[in-house]
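This structure is in structure tokens; I'll ask about it shortly.
Residue numbers start at 1 and run along the sequence shown. Values below: all heavy atoms of this structure, side chains included; hydrogens, waters and symmetry mates excluded.
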Amino acid sequence: MENQTFSGDILILEGLMVSPDSSIPAFVFLLLIYIFIMVSNIGLVILTFMERSLQQPMYLLLCNMSINDVLGATVVIPPVLRDLLMSNSERYIRYSDCAIQAFFVHLYAGASHTVLMIMAFDRYMAICNPLRYATIMTTRMVVMLSVWAWGAAFVLVAILIGLSVRLSRCRSVILNLFCDNATLFKLSCENVFINNIYGLGYTVLLLGSSIGTVSLTYLKIAAVCVRSKNRVLNSKALQTCTTHLAVYIILHVSGFIIVILHRLPDSFLTEKRTLAVVLGHVALPALNAVIYGLQMKEMRRFLTIC
């Protein structure tokens with residue numbers, strides 16, 4: 001790496017730190033997982049729009065999650081696969097590409113929360129207001145909720161990355177597997193007070209609204225189940241809510257790990273970063289299609305017929 005000369009627009013990427021003997025097995029393993037993520041999630045979207053019986057609000061909202069999972073996996077896994085086939089001296093990325101990758105990394109994370117929020121609202125309406133569900137959760141409402149989920153995440157992330165891109169750069173090394181907002185403003189020697197304030201506000205707004213919405217809806221769902229003492233209702237609520245909560249908890253665990261790691265020294269964090277990436281951008285997109293696809297009665301019935 002010492003013999004390489006980099007221009008101001010070229011950044012050195014740490015990449016996935018594996019031994020030469022492990023690079024090929026790691027490449028094959030990640031490639032197989034990526035193929036599974038793409039096939040399962042895209043297949044779930046195609047299946048939902050092709051099969052009329054699956055064109056219900058719950059499944060249409062689920063398509064948002066599948067599309068977002070494809071985005072989250074694609075923005076990280078293919079570059080990591082490429083780096084596995086290269087020597088350390090060839091692992092670099094242009095600053096413009098780094099900024100684009102950081103935008104989509106955060107768009108994936110932000111949309112994961114907003115999409116899960118509207119899915120929680122859908123479960124609340126279905127269980128707590130079943131008689132009004134069909135009149136409220138119309139196709140128009142599903143479209144409006146989906147636009148809000150993606151639009152809110154897009155605007156918040158665009159401002160977040162825009163504040164980092166405006167900074168001048170005095171460093172060229174990215175101690176991470178991929179680019180995100182923290183790695184962008186760590187390249188600067190300027191005062192990043194505004195970035196930290198907005199980043200904190202963005203995190204509090206996103207996580208606060210996400211946790212608040214999901215907690216409130218599930219408390220109301222739990223209250224309805226306790227009062228009704230209806231085994232059929234409680235069983236349905238448990239089935240649909242457990243899958244949603246499992247995905248939600250995994251999302252928060254991976255998110256908190258990444259946030260904490262960026263605030264700790266870089267010297268001993270390589271393996272922990274790898275764990276966070278695997279959890280957030282590999283395991284979660286792969287698990288979502290399995291969790292939602294195979295545990296839903298209508299989806300299982302359709303797959304059995306096919």
Side-chain angles (χ1 to χ4, degrees), residues 9 11 13-14 64-65 67-77 79-80 93-118 145-214 248 251-264 266 269 273 276-277 279-281 284-285:
D9 191 47
L11 305 175
L13 194 63
E14 180 185 59
N64 285 283
M65 183 61 72
I67 293 170
N68 193 43
D69 287 336
V70 169
L71 171 66
T74 300
V75 75
V76 168
I77 297 179
V80 172
I93 185 172
R94 293 187 180 276
Y95 182 79
S96 57
D97 295 334
C98 183
I100 292 172
Q101 185 184 42
F103 173 83
F104 283 107
V105 163
H106 285 277
L107 180 62
Y108 162 71
S112 294
H113 285 279
T114 54
V115 168
L116 285 170
M117 286 167 62
I118 63 176
L145 289 172
S146 300
V147 170
W148 173 85
W150 286 96
F154 184 93
V155 172
L156 291 172
V157 172
I159 298 173
L160 182 74
I161 301 301
L163 288 173
S164 294
V165 170
R166 69 182 175 85
L167 299 171
S168 61
R169 304 187 301 278
C170 63
R171 302 182 183 93
S172 62
V173 179
I174 296 175
L175 298 176
N176 203 356
L177 279 70
F178 58 87
C179 297
D180 58 11
N181 183 61
T183 57
L184 285 179
F185 69 70
K186 282 182 179 180
L187 296 174
S188 176
C189 294
E190 292 185 36
N191 189 325
V192 294
F193 178 75
I194 296 177
N195 299 73
N196 286 325
I197 291 298
Y198 181 80
L200 179 62
Y202 164 81
T203 303
V204 170
L205 176 62
L206 184 64
L207 294 184
S209 58
S210 173
I211 294 173
T213 299
V214 173
Y248 190 72
L251 173 66
H252 271 283
V253 170
S254 61
F256 280 127
I257 290 175
I258 292 173
V259 169
I260 292 171
L261 290 182
H262 275 301
R263 282 155 178 78
L264 294 175
D266 295 320
L269 297 179
R273 282 199 192 97
V277 173
L279 190 61
H281 290 269
L284 190 57

*Does atom CG of Leu205 have more than 12 heavy-atom neighbours from other groups under 6.0 Å away?*
yes
_Applying side-chain contact (heavy atoms from CB on, under 4.5 Å) to Met117 and Trp148, what does each step give before you reach the verdict?_
CA-CA 11 Å; Met117 286 167 62; Trp148 173 85; 3.8 Å; yes
_As an exercise, state the distance from CG of Leu11 to OG1 of Thr183, rounded to the nearest 0.5 Å._
8.5 Å
_Euclidean distance, Leu116 CG relative to Tyr248 OH, rounded to 0.5 Å_ = 7.5 Å
*asked:* Working to the nearest 0.5 angstrom, can you tell me the gap between Phe154 CZ and Phe103 CZ?
replied: 4.0 Å
_Does any part of the side chain of Val70, heavy atoms only, come nearer than 4.5 Å to the side chain of Pro285, both counted from C-beta?_
no
*Carefully, step by step, assess Ile161 and Val165 under the rule side-chain contact (heavy atoms from CB on, under 4.5 Å).*
CA-CA 6 Å; Ile161 301 301; Val165 170; 3.8 Å; yes
*Can you see which heavy atom on Val173 is nearest to which on Leu187, and at what distance?*
O-CD2, 3.7 Å
*Please report the shortest heavy-atom distance between Gly110 and Leu206, naming the atom on each side.*
CA-CD2, 3.8 Å
*Nearest heavy-atom pair of Asn181 and His106: which atoms, and what distance?*
N-NE2, 2.9 Å
*Considering all heavy atoms, the nearest Leu107-Asn68 contact*: O-OD1, 4.2 Å
*asked:* Do Leu200 and Asn196 have side chains that approach each other closer than 4.5 Å (heavy atoms only, starting at C-beta)?
replied: no
*Please indicate whether Tyr202 has more than 12 foreign heavy atoms, meaning atoms of other residues, nucleotides or ligands, lying under 6.0 Å from its OH.*
yes
*For Gln101 and Cys179, which heavy atoms make the closest approach, and how far apart are they?*
OE1-N, 2.9 Å
*asked:* Does Val157 form a side-chain contact (heavy atoms from CB on, under 4.5 Å) with Val105? I'd like the steps, not just the answer.
replied: CA-CA 9 Å; Val157 172; Val105 163; over 6 Å; no
*Taking C-beta and beyond as the side chain, do Phe178 and Val80 meet within less than 4.5 Å on heavy atoms?*
no
_Within the 4.5 Å heavy-atom criterion, are Leu167 and Lys186 side-chain neighbours or not?_
no
*Output the distance between atom CG (Asp180) and atom CZ (Phe104), rounded to the nearest 0.5 Å.*
15.0 Å
*Report the distance from atom NE2 of His113 to atom OG1 of Thr203, rounding to the nearest 0.5 Å.*
9.0 Å
_Approximate separation, where rounding is to 0.5 Å, of Arg94 CZ and Ile100 CD1_ = 11.5 Å
_Show, in sequence, the C-alpha distance, side-chain angles and deciding distance for Tyr108 and Val76, and conclude whether the side-chain contact (heavy atoms from CB on, under 4.5 Å) test is met._
CA-CA 11 Å; Tyr108 162 71; Val76 168; over 6 Å; no
*Do Ser172 and Tyr95 have side-chain atoms, one donor and one acceptor, less than 3.5 Å apart?*
no
_Which heavy atom of Cys170 sits nearest to which heavy atom of Ser188, and what is that distance?_
SG-C, 3.8 Å
